[in-house]
Protein chains: 2
Amino acid sequence: VAEVVRAFPVVFALYPHVTQLDFTGPHEVLARLPGAQCMLASSTGGDLEADGGLVFTRVRKLADIERCELLCVPGGFGTIEAMEDQELLTQLRRLARDARYVTSVCTGALVLGAAGLLQGKRATSHWAWRDALSAFGATVDDSRVVRDGNVLTGAGVTAGIDFALTVLAEVAGDAFAQSVQLSIEYAPAPPFDSGRPELAPPAILALSQQRYERIRPARDAAVQRAAARLP
Amino acid sequence: VAEVVRAFPVVFALYPHVTQLDFTGPHEVLARLPGAQCMLASSTGGDLEADGGLVFTRVRKLADIERCELLCVPGGFGTIEAMEDQELLTQLRRLARDARYVTSVCTGALVLGAAGLLQGKRATSHWAWRDALSAFGATVDDSRVVRDGNVLTGAGVTAGIDFALTVLAEVAGDAFAQSVQLSIEYAPAPPFDSGRPELAPPAILALSQQRYERIRPARDAAVQRAAARLP
């Protein structure tokens, strides 16, 4: 119980065109931890518009945050630019040094990679992007939540909820995590079984892959530039 | 395809102390529909702070929105006050008249009920609150997503994602909904199986019920006052 009520600052490190469910899911779970202080932060602070049009306000500047227990980088199409935001990468490296957990959801793993935080680590990302992690010295793992030391990475978007419950169980115990699962009625019942490439109907997977192929050149160029800057 | 690209305005009707995942989940899914215009709106407009501390900005005034295809009321502890916000209830009744879908997630169903929009309908809500719906003339159903005519209600918090995929399939077809499920990698794998009262360990359920018992008197008083105002 002492563990539970200790201050537990959580920083979600954001950037333009982030996918909001990547962090709103974990935020909903982690904010229920007594002692949690969940903060949104970005390179510039201020308002931040996520993909889909949701606008968050009172976003802090990463440079103004002294330290956190858990650092989480969500994903989104803005990842391609975020991998080249040197202020973001500098602040991620600084906060990661003292954090108990260094984490990502979805393509946020590519930003962790660009910051040099995945070297020699097993990690995952969105199914259509995870192959890119090897350029950052990571070993790609296709599990939904991957832990290697204090680095936890989640797969695409909705994996953030599973990731957050996993963290909560570690920080506050299984019983507390189970009580939060009950309070958010997390007994998922998707109307289809199409949530992973191995499960989706082949025609749907093919269409989806076509869309990702169109952004692959820009993505790969950004990954190569970021990887070249690593020590 | 013509169906898909038609304008599809979606209004999430918010109020203070809303549970953000109740609407950020469906927002992430529905914003991917070509033609979707997802709007946050409240009685007053402006900034809105959700439970857990996330602050949304550029929230519209409900009275300024002419009509929508889908009206969605999310839940949260603020439901108790929202049931007595006459401006909110008036605007919900007005928007519901022309909406193709009148919907809620979690305890948002109690606000729909207070607006008189669940009379004679089957509906669901968060497992700890759904019994209250009968006061509004609804028949309680414990399914995760319940449809009765054009009224769709979802169970607690995370049921909003399943609800939104159900709507998406109706509006844009199964294949499109499956492609969105794949893009958000929605193949949930909770680390525990504690998401419904029937599944949770008895000690966890008992603790959770104790917490809900503490707010039951305030909740029931608000329900009774709201129900007494219905025609």
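All chains are named by letter (A, B, ...) in the order of the sequence lines, taking the proteins before the strands, and each is independently numbered beginning at 1.
Residues of residues 12-32 of chain B that come closer than 4.5 Å to chain A, counting heavy atoms only, are B:Thr19, B:Gln20, B:Leu21, B:Thr24, B:Gly25, B:His27, B:Glu28, B:Ala31, B:Arg32, ordered by residue number. Using non-hydrogen atoms only and a strict 4.5 Å limit, no part of residues 70-79 of chain A faces chain B.
Between chain B and the options A:Leu199, A:Leu207, A:Asp174, heavy-atom pairs under 4.5 Å are most frequent for A:Asp174. Among A:Thr166, A:Val157, A:Asp51, A:Leu48, the residue with the largest count of heavy-atom pairs under 4.5 Å with chain B is A:Val157. When the candidates A:Ile204, A:Asp193, A:Ile161, A:Leu165 are compared by the number of heavy-atom contacts under 4.5 Å with chain B, A:Ile204 comes out ahead. Of the listed residues (A:Val145, A:Val59, A:Thr57, A:Leu205), the one with the most heavy-atom contacts under 4.5 Å to chain B is A:Thr57. Put simply, of A:Pro201, A:Ala189, A:Ser208, A:Pro191, the one with the most heavy-atom pairs under 4.5 Å next to chain B is A:Ala189. Options B:Gly52, B:Ala200, B:Ala128, B:Pro190 differ in how many heavy-atom pairs under 4.5 Å they form with chain A, and the most are formed by B:Pro190. Counting heavy-atom pairs closer than 4.5 Å to chain B, the top residue among A:Arg211, A:Met39, A:Glu49, A:Glu185 is A:Glu185.
Neither the backbone nor the side chain of A:Gln37 comes within less than 4.5 Å of any heavy atom in chain B. In this structure, chain B has heavy atoms under 4.5 Å from both the backbone and the side chain of A:Arg196. With a 4.5 Å cut-off on non-hydrogen atoms, A:Ala155 touches chain B through its backbone and its side chain both. Both the backbone and the side chain of A:Ile184 come within contact range of chain B, judged by heavy atoms closer than 4.5 Å. The contact between B:Pro197 and chain A is made by backbone and side chain atoms together, counting heavy-atom distances below 4.5 Å. The parts of A:Ser183 that come within reach of chain B are both its backbone and its side chain, each placing non-hydrogen atoms under 4.5 angstrom from that chain. Only the side chain of A:Tyr212 comes within contact range of chain B, judged by heavy atoms closer than 4.5 Å.
Contact of the A:Leu54 side chain with the B:Phe56 side chain is registered, since non-hydrogen atoms from C-beta on lie closer than 4.5 Å.
Applying the side-chain hydrogen bond (donor to acceptor under 3.5 Å, both in side chains) rule to A:Thr153 yields no partners; only residues at least two apart in sequence or on another chain are considered. Scanning for salt bridge (Lys or Arg N to Asp or Glu O under 4.0 Å) contacts around B:Glu66 gives an empty result, with sequence neighbours left out.
Here the side chain of B:Gln178 pairs no donor or acceptor atom with the backbone of A:Phe192 at under 3.5 angstrom. B:Arg58 places no side-chain N or O within donor-acceptor distance of the main-chain N or O of A:Gly53, the cut-off being under 3.5 Å.
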